[in-house]
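Remarks on the structure that follows.
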Amino acid sequence: MDNLGFHDRNIYNILDSRTFDHRHDFNHNLQMHSSLIRRLSQETELEGHDGCVNAVAWNSKGSLLISGSDDTRINIWSYSSRKLLHSIETGHSANIFCTKFVPETNDELVVSGAGDAEVRLFNLSRLSGSGVDDGLITPTAHYMCHSRRVKKLAVEAGNPNVVWSASEDGTLRQHDFREGASCPPAGPSRQECRNILLDLRSGAKRSLADPPRNTLSLKSCDISSSRPHLLLVGGSDAFARLYDRRMLPPMSSCAKRTSPPPCVNYFSPMHLSERGRSGLHLTHVTFSPNGEEVLLSYSGEHVYLMNVNNAGGGMRYTSGDVSKLTSYSPILNGLELQPPVADIRKVGRRRRSSVATTVEKCRELVEIAKSSLEEGNNLFYGIEACNEVLYGNSCDIGPILLYECLCTRAGLFLKRKWKNDVHMAIRDCYSARRINSSSFKALYFMSEALEQLGKHKEALDFATAAQCVAPSSQAIAEKVENIKKNVVAAEAEKDNKANDGTPKPPESSRPGRVVSVSDILYRSEPHNEDAPRSDREDSDYDEELELDFETSMSGDEGPSNVEPNILHGSLNLRIHRRGEGDGSNGSCGSPSSSPRNDTPSYQPEAVIDMKRRYVGHCNVGTDIKQASFLGQEGEFVASGSDDGRWFIWEKQSGRLIKVLLGDKAVVNCVQSHPFDCVVATSGIDNSIKLWSPTAPVPSIMGGGAVGPETGNFLEAIERLGAALLNFWNGFGCMNLLRDPYIHLSVLRADQHSAQLLLEAKEAAADGGDLVES
């Protein structure tokens, strides 16, 4: 695949065309060209923090870089000199998770949000001195109205007066500097903060069909640069939400929890919208530079691209459409998973003579993919070959080649078995059946996919249909018999579970057991359904217990005889017990809510489906991991990973084109320079890395300061694919406790933390949900 070209044209042709084509901004096209990205390497390392660097952001001119860290300091760096200009002691009492330059203030105003639930505004012109150590400054504004960690800040281009903060308390607040410098307002009389723009304390959905009930702990937010009235948020469920600020109700206080306001659009891949994925949540959401697309990064999942306005390759679906993909019908219904198509405008500018060449190239790519499927090796490259055909040239190829490509990719997905590959195979089979409804390959692969999902009855329907198409096939005959046996076995197991009503002994009565998390929870405070909610007003749920486990990341702390190969970190367990009611609360003050018994039946909203999926990285260990567009055109997508690398994909094809080693543990932040081909990354390390195209030769694997990696590229991403798949099987979907809803915040995951989780799993008696937060 290395000899396959990219979709951003030859860089020499772009340069030559400048002399006669004045319609395009060539600086935009050249900023993040594929030939430059493949030469990215670490240029310099910015050192000046004493903790993990959780946030980096450029100013609008690209002359300054701001960073926030666990050391509760904000650092301002010069881009031209790569030197630290200012280090501000913010006064935050917990980790800084987000920081920004306030627009149109000559880069003098900066804002920060932290784990202490506070938002602080600083005026750099008031620094006591001009040196690095002269960072003593009093906040210009200090907002303490949130009750949970502030995870993300948003600013509007051209607006120097307002900043928005998203918090895990389920609210997004609007802070107008002209209305006051503190919140709650200063003064002898207690006043309410009426700055809640979005109240999502009853906004989380367990599935598309379920009404919103629980607190949506907000993890990320963004404002469109092209249409600043559009606001995007993501949090502790599978759905990103798009709001039009002009259509929102007046801002409110936290005294009364309100119903979530209607949004313009929901975004979620169809396969993630079903029930049973309670541990799933978003870690980052962002708009593309032109505001036409959004990028979603999921914990324990992949990165997904979607269209804002359901155009150009997207699809809107409802809860009833989810089951249509896996239900056999000889004549397909109206649900259409639109096959990915190339940009019509680009196709229209091409010469007809090049179409034949493109079709021949596509045939060769499909043959390469078929060989990978038959031989069972190079599955990753086989899938990328199909992606190139489907995402880059589907307008040029006919239905026969398109059908072959879809079926081949479905088979490759089923063999590779990475996280949710089986759902991608189902989508391809469905699209192939729209071309040929009696397709044997599509029916056969669909039955195999449904078997992998444990949907044996549905698998039998498709296998039987495939047998009717090819009655002489011995393979499909054997498959039908095997599926019938699986159906019988599944029914027998279901009956056995229904008849086995023997209650299990309580955890505390089992001899030889350690004290479990549930023992601690129930013993910490008796569960009293009659207790007033005001007694538990600070909790996201009815009862809460916090357990902290701390170790050190830096090498100069702790005993010197610590094993060098063990990554030390911290684990924080917030254990919440839900009552028999709706399980939600007011996370600030004592919000009251009306009974829900008289509410009308819930009508699920339509959701915009995925347009593209980007795979290869691992997002499990932290909940601040970003996925970003690179460059002013946003033609490339980047994300950090739990193995210390960061990944770059071509946006159009989903092709992975660069993997770089950027941290000793985890890369969380990836931010592209506004104008230059430079990227800033940060993570668990105490430093920031700057990357530029300085490598002598292009490559897909790149190291840090030591140069290119020599390891096998496929081995690296296959390990990550296995880790991502095993996460939900081992931790994310495991049943820890029946009643408590457990949130895990693993800021720096290590073997000690994993062992603690395993002990908690073994000690717990029954059901529950594990969620990284």
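Below, each value reflects all heavy atoms present in this structure, side chains not excepted, and no hydrogens, waters or symmetry copies.
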Test item: Ser639 side-chain N/O and Gln626 main-chain N/O as donor-acceptor pair under 3.5 Å: yes
Exam field: side chain Arg39 to backbone Pro696, donor-acceptor pair closer than 3.5 Å: yes
Donor-acceptor pair, side chain of Asp663 and main chain of Asp685, under 3.5 angstrom: yes
Stepwise side-chain hydrogen bond (donor to acceptor under 3.5 Å, both in side chains) check, Ser288 with Asn290: CA-CA 5 Å; Ser288 62; Asn290 63 7; 2.7 Å; yes
Full working for side-chain hydrogen bond (donor to acceptor under 3.5 Å, both in side chains) between Asp70 and Asn54: CA-CA 7 Å; Asp70 284 359; Asn54 304 318; 2.6 Å; yes
Which residues share a ring-ring contact (aromatic ring centres under 6.0 Å, His included) with Tyr614, sequence neighbours left out: Trp649
Close side-chain approach of Thr140 and Phe177, heavy atoms under 4.5 Å: no
From CA spacing to verdict: side-chain contact (heavy atoms from CB on, under 4.5 Å), Cys52, Asn95: CA-CA 9 Å; Cys52 305; Asn95 311 16; over 6 Å; no
Main-chain N/O of Leu46 paired to Arg82 side chain as donor or acceptor, under 3.5 Å: no
Sidechain N-carboxylate O distance under 4.0 Å for Asp71, Arg73: no
Inter- and intrachain pairs under salt bridge (charged side-chain N to carboxylate O under 4.0 Å, His left out), touching residues 110-125, at least two apart: Glu118-Arg120
Tyr143: ring-ring contact (aromatic ring centres under 6.0 Å, His included) partners, not counting sequence neighbours: His175
Derivation of the side-chain hydrogen bond (donor to acceptor under 3.5 Å, both in side chains) call for Trp164 and Gln174: CA-CA 5 Å; Trp164 291 265; Gln174 177 174 300; 3.0 Å; yes
Side-chain donor or acceptor of Gln31 paired with backbone N/O of His673 under 3.5 Å: yes
Side chains of Thr72 and Thr90, donor plus acceptor under 3.5 Å: no
Asp642 side chain vs Val620 backbone, donor-acceptor pair below 3.5 Å: yes
Side chain to side chain, Leu218 and Leu198, heavy atoms closer than 4.5 Å: no
Val56 vs Trp77, side-chain contact (heavy atoms from CB on, under 4.5 Å): CA-CA, chis, key distance, verdict: CA-CA 10 Å; Val56 293; Trp77 311 83; over 6 Å; no
Steps toward side-chain hydrogen bond (donor to acceptor under 3.5 Å, both in side chains) verdict (Lys152, Ser167): CA-CA 7 Å; Lys152 194 67 67 174; Ser167 168; over 6 Å; no
Shortest non-hydrogen contact from Cys618 toward Ser641: N-OG, 3.1 Å
Side chain proximity check, Ser34 to Phe636, heavy atoms < 4.5 angstrom: yes
Test item: Ser687 side-chain N/O and Glu45 main-chain N/O as donor-acceptor pair under 3.5 Å: no
Test side-chain contact (heavy atoms from CB on, under 4.5 Å) applied to Lys419 and Val615, step by step: CA-CA 9 Å; Lys419 181 70 175 179; Val615 303; over 6 Å; no
Side-chain heavy-atom pair Pro228, Asn159 within 4.5 angstrom cut-off: no
Working for side-chain contact (heavy atoms from CB on, under 4.5 Å), residues Val637 and Phe629: CA-CA 5 Å; Val637 170; Phe629 293 95; 4.3 Å; yes
Any donor-acceptor pair under 3.5 Å from Trp58 side chain to Gln671 backbone: yes
Test side-chain contact (heavy atoms from CB on, under 4.5 Å) applied to Val102 and Asp107, Leu121, Val110, the passing residue: Leu121
Donor-acceptor side-chain pairing of Asn75 and Ser67 below 3.5 angstrom: no
Backbone N/O of Leu295 and side chain of Thr286: donor-acceptor pair under 3.5 Å: no
Salt-bridge contact Lys151-Asp623 (side-chain N to carboxylate O under 4.0 Å): yes
Short side-chain to backbone donor-acceptor contact, Thr99 and Val111, under 3.5 Å: yes
